[in-house]
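Inspection log for the structure reproduced underneath, given as structure tokens.
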Amino acid sequence: MTNSETKATLSFSDGSSPLEFPIYKGTIGPDVIDIRKLYGATNKFTYDPGFMSTAACNSTITYIDGDKGELLYRGYPIEQLAVNCDFLETCYLLLNGELPNAQQKKTFVDTVTNHTMVHEQMQFFFRGFRRDAHPMSVLVGTVGALSSFYHDSLDINDPHHREVSAIRLIAKLPTLVAMSYKYSIGQPFIYPRNDLSYSANFMRMMFSTPCAEYEVNDVLVRALDRILILHADHEQNASTSTVRLAGSSGANPFACIAAGIACLWGPAHGGANEAALNMLEDIQKQGGVERIGEFIAKVKDKNSNVKLMGFGHRVYKNYDPRAKLMRETCHEVLTELGLHDDPLFKLAMALEKIALEDDYFVQRKLYPNVDFYSGIVQRALGIPVSLFTGIFAMARTVGWIAQWNEMISDPEQKIGRPRQLYVGAAKRDVPSMDKRK
């Protein structure tokens, strides 16, 4: 970063001399105060649990304005990308900073397509898991294991190695996710086909069998593609920060992405759409649409501990821009498959209507978020709930690898080392055994 003429002055009430810190301005968004010299000058740290007020890096990839409900990939609004681009175009954008022209897109698509197969020995990794193992545990293991097979691209200081690793990860994640599904239901693995698009190829690997070929449905393929685009990156969230932190130690890219998958597994992060669908199924078991009023009353009751999953967002204080797009896709898929009368989907639409019209939710800006709609869409596509987070990982891999690559290329990059406020016991001597309580 260039030197800043704008300064912030920090004064102390304990008699210490005031200090000045430079203030840097981003292209858009909040300014940041550079406090890197704070500890050296004062022997004091800042205290910021959850890093809610801390910028851990500078980045050119993704920008979010939660108050406006705005999400930009490399400056492009997500609304435009989801309508005008496919997932691999979006991948190219996140990795390279600009959208591809026709020739660049062809070359990129061909390169990714030619890397979709995984080493045949990966089948033995799967055999080590129980059949009922959660797909995310399988992905953590198998993605980390990729480093065992690709020693030719593990030099993180070589830009070409980083590029090859990026392509391999983007290409192989759909294959591994589909393999984890097939393994869980006892069906044979389906190899990728190079004549299909990225999303169509994934759906075929999921739902085709040696006995019956999967028939590609363009509406459903486009729906999956949109899910992938909308989840491709989301700035410095928990899993992305995990990938950056793991990468700051010099770990190889496959290990870093495996770390991101492990973090994404948490129900407060990647498991949100699974939680939303589980909520709908619980309401359905209790009586469905006819009992929805009782459920809403419990949500409004602070003492009930009943939560409305899939509504509201920690970042967006307005309507999640991804949710608007996913809502359109949701209704397109339900119409295509004739599922508007399915009890669970009728329940979801009734709940959506209440949340969009009820003053309680509108005033609190508890709008349906992308997780609410993506869970419904994935269920309609035939994807089991346990695999929802795996689809999320498949989408987010390109964001993780773009962020990781940016971090490695940053000359200001250092190994991550968060500090703490220690509130434990002061220094003391170890007592002899007979004096211990």
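Only heavy atoms go into these numbers, but all of them, side chains included; no hydrogens, no water, no symmetry mates.
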Is the number of heavy atoms from other residues, nucleotides or ligands under 6.0 Å of [X] [atom1] greater than 12?
X      : atom1 : answer
Leu99  : CG    : yes
Arg417 : CZ    : no
Lys7   : NZ    : yes
Arg130 : CZ    : no

Can you list, pair by pair, the side-chain donor-acceptor contacts under 3.5 Å of residues 377-394, counting residues two or more places apart and other chains?
none

Test your reading of the model: is there a side-chain donor-acceptor pair from [X] to the backbone of [Y], 3.5 Å cut-off?
X      : Y      : answer
Thr107 : Gln104 : no
Thr116 : Thr113 : yes
Glu336 : Leu220 : no
Asp31  : Ile23  : no
His161 : Asn157 : no
Lys172 : Met117 : yes
Asn405 : Ile408 : no
Asn237 : Glu235 : yes

ask   = Do the ring centers of Tyr367 and Phe361 come within less than 6.0 Å of each other?
value = no
message = Could you walk me through whether Leu334 and Leu337 satisfy the side chain to side chain contact (heavy atoms under 4.5 Å, CB included) test, starting with their C-alpha distance in whole Å, then the side-chain angles of each, then the deciding distance to 0.1 Å, before giving a yes or no?
response = CA-CA 5 Å; Leu334 296 183; Leu337 297 176; over 6 Å; no
To check you understand the geometry: which heavy-atom pair defines the closest contact between [X] and [Y], and what is its length?
X      : Y      : value
Ile229 : Asp86  : CD1-C, 3.7 Å
Trp404 : Ala251 : NE1-O, 4.2 Å
Leu344 : Gln284 : CD1-CB, 4.0 Å
Gly260 : Ser239 : O-CB, 3.6 Å
Ser199 : Leu228 : OG-CD1, 3.7 Å
Ala323 : Pro368 : CB-O, 3.3 Å

Is the shortest side-chain N to carboxylate O distance from [X] to [Y] below 4.0 Å?
X      : Y      : value
Arg222 : Asp218 : no
Arg74  : Asp233 : no
Glu89  : Lys105 : yes
Glu213 : Arg193 : yes
Lys44  : Asp14  : yes

ask   = Taking atom types as modelled and ignoring hydrogens, do the side chains of Gln413 and Arg244 form a donor-acceptor contact shorter than 3.5 angstrom?
value =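 Arg244 and Gln413 do not have a side-chain donor-acceptor pair below 3.5 Å.
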If you define the side chain from C-beta out and look only at heavy atoms, does anything of [X] sit under 4.5 Å from [Y]?
X      : Y      : answer
Leu230 : Ile227 : no
Leu10  : Ile35  : no
Pro135 : Tyr181 : no
Tyr63  : Thr27  : no
Val221 : Ser197 : yes
Leu176 : Leu146 : yes
Met205 : Met179 : no
Phe149 : Val118 : no

task = List the steps and the verdict of side chain to side chain contact (heavy atoms under 4.5 Å, CB included) for Thr175 and Asn201.
result = CA-CA 9 Å; Thr175 308; Asn201 190 35; 5.6 Å; no
Single hit among Tyr198, Phe108, Tyr92, Tyr73 for ring pair (Phe, Tyr, Trp, His ring centres under 6.0 Å) with Phe87 = Tyr198
To the nearest 0.5 Å, tell me how far [X] [atom1] sits from [Y] [atom2].
X      : Y      : atom1 : atom2 : result
Thr240 : His234 : OG1   : NE2   : 10.0 Å
Trp265 : Cys263 : CH2   : SG    : 12.5 Å
Asn58  : Met407 : CG    : CE    : 12.5 Å
Leu245 : Ile415 : CG    : CD1   : 8.0 Å
Leu277 : Asp371 : CG    : CG    : 11.5 Å
Leu95  : Ile401 : CG    : CD1   : 8.0 Å

key: Stepwise salt bridge (charged side-chain N to carboxylate O under 4.0 Å, His left out) check, Arg36 with Glu412   = CA-CA 11 Å; Arg36 281 177 288 182; Glu412 295 186 335; 3.7 Å; yes
query = How are the rings of Tyr214 and Phe207 set to each other: parallel, tilted or perpendicular (split at 30° and 60°)?
reply =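 The arrangement is tilted - the two ring planes meet at 30° to 60°.
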message = Run Asp195 and Arg204 through salt bridge (charged side-chain N to carboxylate O under 4.0 Å, His left out) and show every step you take.
response = CA-CA 12 Å; Asp195 60 325; Arg204 177 184 172 274; over 6 Å; no
inquiry  = If you apply the rule side chain to side chain contact (heavy atoms under 4.5 Å, CB included), what do you find for Leu19 with Lys37, and how did you get there?
reply    = CA-CA 10 Å; Leu19 291 174; Lys37 296 182 179 179; over 6 Å; no
Side-chain donor/acceptor pairs under 3.5 Å, residues 120-128, sequence neighbours excluded:
| residue | atom | partner | partner atom | Å |
| --- | --- | --- | --- | --- |
| Glu120 | OE1 | Tyr191 | OH | 3.1 |
| Glu120 | OE2 | Gln123 | NE2 | 2.7 |
| Glu120 | OE2 | Tyr191 | OH | 2.8 |
| Gln123 | NE2 | Tyr191 | OH | 3.4 |

request  = Not counting sequence neighbours, which residues clear side-chain contact (heavy atoms from CB on, under 4.5 Å) with Pro30? List them please.
outcome  = none
query = Stepwise, does the side chain to side chain donor-acceptor pair (under 3.5 Å) test hold for Thr209 with Gln187?
reply = CA-CA 8 Å; Thr209 70; Gln187 289 186 1; 5.9 Å; no
inquiry  = Consider side-chain contact (heavy atoms from CB on, under 4.5 Å). Of Thr242, Leu169, Leu264, which one does Trp400 pass it with?
reply    = Leu264
request  = Applying side chain to side chain contact (heavy atoms under 4.5 Å, CB included), run through Leu421 and Phe45 and close with a yes or a no.
outcome  = CA-CA 8 Å; Leu421 174 64; Phe45 298 138; over 6 Å; no
